[in-house]
Number of protein chains: 2
Amino acid sequence: MRNRKGGFGECSAGNDQACPVEYTLDVIGGKWKGVILYHLMYGTKRFSDFRRICPGITQRMLTLQLRELEEDGVVHREVYRQVPPKVEYSLTEFGSTLIPIISLMKDWGENYKTKQHSKENRL
Amino acid sequence: MRNRKGGFGECSAGNDQACPVEYTLDVIGGKWKGVILYHLMYGTKRFSDFRRICPGITQRMLTLQLRELEEDGVVHREVYRQVPPKVEYSLTEFGSTLIPIISLMKDWGENYKTKQHSKENRL
DNA sequence: CCGTATCCATGCCGATACTG
DNA sequence: CAGTATCGGCATGGATACGG
């Protein structure tokens with residue numbers, strides 16, 4: 001189970017005591033999931049909103065990542081049956097429990113992305 | 001720059017205002033980086049320690065992930081020139097700034113990995 | 001003990017075209 | 001507007017053998 005995208009490594013493969021950190025990364029660590037969750041923190045978004053926010057992502061990938069987040073119960077998908085179609089994505093109550101983590105990652109990224117700590121720059 | 005492993009998505013590709021969350025995920029989001037950082041929180045580890053802790057990871061991948069963490073300045077690699085060789089890995093001071101995030105991810109994983117929130121189980 | 005080198009299968013992901 | 005379908009390149013990562 002939960003092997004869909006290759007998943008993140010588990011210590012003691014198949015062990016129930018596998019690192020809890022990996023479980024979390026399995027939920028939020030997808031290539032575009034960080035961006036998606038980050039923007040959902042600030043409110044409901046439509047499919048086209050994400051396409052505008054992240055021009056780099058393809059329809060295919062956006063759909064796949066949103067579906068996985070939905071599967072994991074962190075994102076809610078509300079379909080309005082009308083023409084033209086309208087779909088709204090939002091954090092579920094469960095997904096909201098991720099907000100402290102996303103916020104911390106946002107803060108950390110803001111603090112350190114400008115400062116270069118990579119080895120080559122410290123030589 | 002920083003395109004080594006495909007990286008995580010950036011909103012407004014090439015924009016400096018790209019999501020800070022993605023920068024963070026780029027550092028800690030590698031397939032095995034979560035496990036590695038998780039265990040380094042509790043102290044210095046040797047190469048062979050990781051192999052014991054994570055039987056699923058190959059030497060190749062372990063090396064690659066450790067090198068990337070070293071490149072990013074979050075992990076320090078101490079080589080003892082002796083026979084048999086001995087190499088110790090530890091968090092740098094910079095790497096320690098990630099501890100709050102790793103800890104939160106650990107807590108979240110522990111709290112929710114047992115409870116099933118995935119869609120199929122909520123039907 | 002701690003790696004590197006090489007080969008190669010898998011599948012991720014982008015590009016493109018098409019549908020309700 | 002919000003997707004699905006299909007194809008294919010190529011990076012990711014496993015297996016194995018070898019080096020300091």
Side-chain angles (χ1 to χ4, degrees), chain A residues 2-11 13-14 22 25-26 29-36 39-40 44-71 75-90, chain B residues 1-11 13-14 22 25-26 28-36 39-40 44-71 75-90:
Chain A
R2 257 190 149 291
N3 266 350
R4 14 160 239 230
K5 71 176 169 52
F8 286 83
E10 297 207 351
C11 330
E22 295 309 314
L25 274 177
D26 209 11
K31 191 178 182 186
W32 298 92
K33 293 182 182 177
V35 215
I36 292 173
H39 289 286
L40 282 181
T44 295
K45 294 280 178 299
R46 295 183 57 174
F47 192 82
S48 50
D49 290 332
F50 286 120
R51 300 217 67 195
R52 211 173 311 112
I53 295 169
C54 316
I57 191 171
T58 59
Q59 283 190 333
R60 170 188 164 80
M61 285 313 298
L62 181 53
T63 302
L64 288 176
Q65 298 282 291
L66 284 169
R67 288 296 182 281
E68 289 194 359
L69 289 169
E70 194 187 354
E71 284 283 304
V75 161
H76 173 68
R77 181 167 176 260
E78 183 73 29
V79 181
Y80 296 86
R81 294 214 162 268
Q82 62 185 42
V83 276
K86 175 179 169 185
V87 179
E88 285 185 342
Y89 293 94
S90 56
Chain B
M1 69 180 80
R2 256 192 149 286
N3 267 350
R4 19 160 237 232
K5 72 176 166 52
F8 286 83
E10 296 207 352
C11 329
E22 296 308 315
L25 274 177
D26 209 12
I28 68 176
K31 192 179 182 185
W32 299 92
K33 292 182 182 176
V35 215
I36 292 172
H39 289 285
L40 281 181
T44 295
K45 294 280 178 298
R46 297 183 55 174
F47 192 83
S48 49
D49 290 331
F50 287 119
R51 300 218 66 196
R52 212 173 311 109
I53 295 169
C54 316
I57 191 172
T58 59
Q59 283 191 336
R60 171 189 162 79
M61 286 312 299
L62 181 53
T63 302
L64 288 176
Q65 297 282 291
L66 283 169
R67 287 298 183 280
E68 288 193 0
L69 289 169
E70 194 186 355
E71 284 284 305
V75 161
H76 172 68
R77 180 165 176 264
E78 184 72 29
V79 181
Y80 296 85
R81 294 211 162 271
Q82 61 187 41
V83 274
K86 174 179 167 183
V87 180
E88 284 185 343
Y89 294 93
S90 56

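Throughout, protein chains are lettered first and strands after them, A, B, ... in sequence-line order, and every chain is numbered starting at 1. The shown structure was predicted, so the numbers you read here are calculated from the model rather than taken from an experiment.
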Original post:
To the nearest angstrom, how far is Phe50(A) atom CZ from dG3(D) atom P?
Top reply: 11 Å
Original post:
Taking for each residue the nucleotide of DNA chain C with the nearest heavy atom, is it Trp32(A) or Pro84(A) whose nucleotide lies nearer the 5' end?
Top reply: Trp32(A)
**OP:** Please state whether the phosphate of dA15(C), meaning OP1 or OP2, lies under 4.0 angstrom from any side-chain nitrogen or oxygen of Thr58(A).
**Re:** no
**OP:** Between Glu88(A) and Arg60(A), name the one whose nearest nucleotide on DNA chain D is closer to the 5' end.
**Re:** Glu88(A)
**OP:** Would you kindly give the NZ-to-P distance between Lys33(A) and dC13(C), to the nearest whole Å?
**Re:** 10 Å
Original post:
Given atom CZ of Arg81(B) and atom P of dC2(C), what is their separation to the nearest angstrom?
Top reply: 14 Å
Original post:
Going from OG on Ser48(B) to NZ on Lys86(B), what distance comes out if it is rounded to the nearest 0.5 angstrom?
Top reply: 10.0 Å
Subject >> Protein-nucleotide distance (Ile57(B), atom CD1; dA15(D), atom P), rounded to Å >> reply: 12 Å
Original post:
Nearest of dG14(D), dA2(D), dC2(C) to any side-chain atom of Arg46(A)?
Top reply: dA2(D)
Original post:
Arg67(A) or Gln59(B): which one's nearest nucleotide on DNA chain D is closer to the 5' end?
Top reply: Arg67(A)
Subject >> Atom pair distance, as rounded to whole Å: CD in Gln65(A) and P in dA2(D) >> reply: 18 Å
**OP:** Identify which nucleotide among dG14(D), dG3(C), dA15(C) has an atom closest to any side-chain atom of Arg77(B), counting heavy atoms from C-beta outward.
**Re:** dG3(C)
Original post:
Is the NZ or CZ atom of Lys31(B) both under 6.0 Å from the centre of the six-membered ring of Phe8(A) and within 45° of that ring's axis?
Top reply: no
**OP:** Name the closest nucleotide to the Ser48(B) side chain, picking from dC2(C), dG3(C), dG3(D).
**Re:** dC2(C)
Original post:
Whole Å only: how far is the CZ atom of Arg51(A) from the P atom of dA15(C)?
Top reply: 11 Å
Subject >> For atom CD of Gln82(A) and atom P of dG3(D), their distance in whole Å >> reply: 13 Å
Original post:
Got a salt bridge between Lys45(B) and Glu88(B), using NZ or NE/NH1/NH2 to carboxylate O under 4.0 Å?
Top reply: no
Original post:
Between CZ of Arg51(B) and CZ of Arg46(B), what distance do you get to the nearest 0.5 Å?
Top reply: 13.5 Å
Original post:
So how far is it from Ile36(A) CD1 to Leu66(A) CG, rounded to the nearest 0.5 Å?
Top reply: 4.5 Å
Original post:
Whole Å only: how far is the CD atom of Glu70(A) from the P atom of dA2(D)?
Top reply: 15 Å
**OP:** Please tell me which of the listed nucleotides, dC13(C), dG14(D), dG3(D), lies nearest to the side chain of Met61(A)?
**Re:** dC13(C)
**OP:** Five pairs at each end of the helix from dC1(C)-dG20(D) to dG20(C)-dC1(D): take the axis at both ends and give me the angle between them to 10°.
**Re:** 50°
Subject >> Euclidean distance, Lys33(A) NZ relative to Asp26(A) CG, rounded to 0.5 Å >> reply: 6.5 Å
Subject >> Residue Tyr89(A), side-chain heavy atoms: nucleotide from dA15(D), dG3(D), dG14(C) that is nearest >> reply: dG3(D)
Original post:
When rounded to the nearest 0.5 angstrom, what distance separates NE2 in His76(A) from CG in Leu40(A)?
Top reply: 12.0 Å
Original post:
Nearest to the side chain of Pro85(B) - dA15(D), dA15(C), dC2(C)?
Top reply: dC2(C)
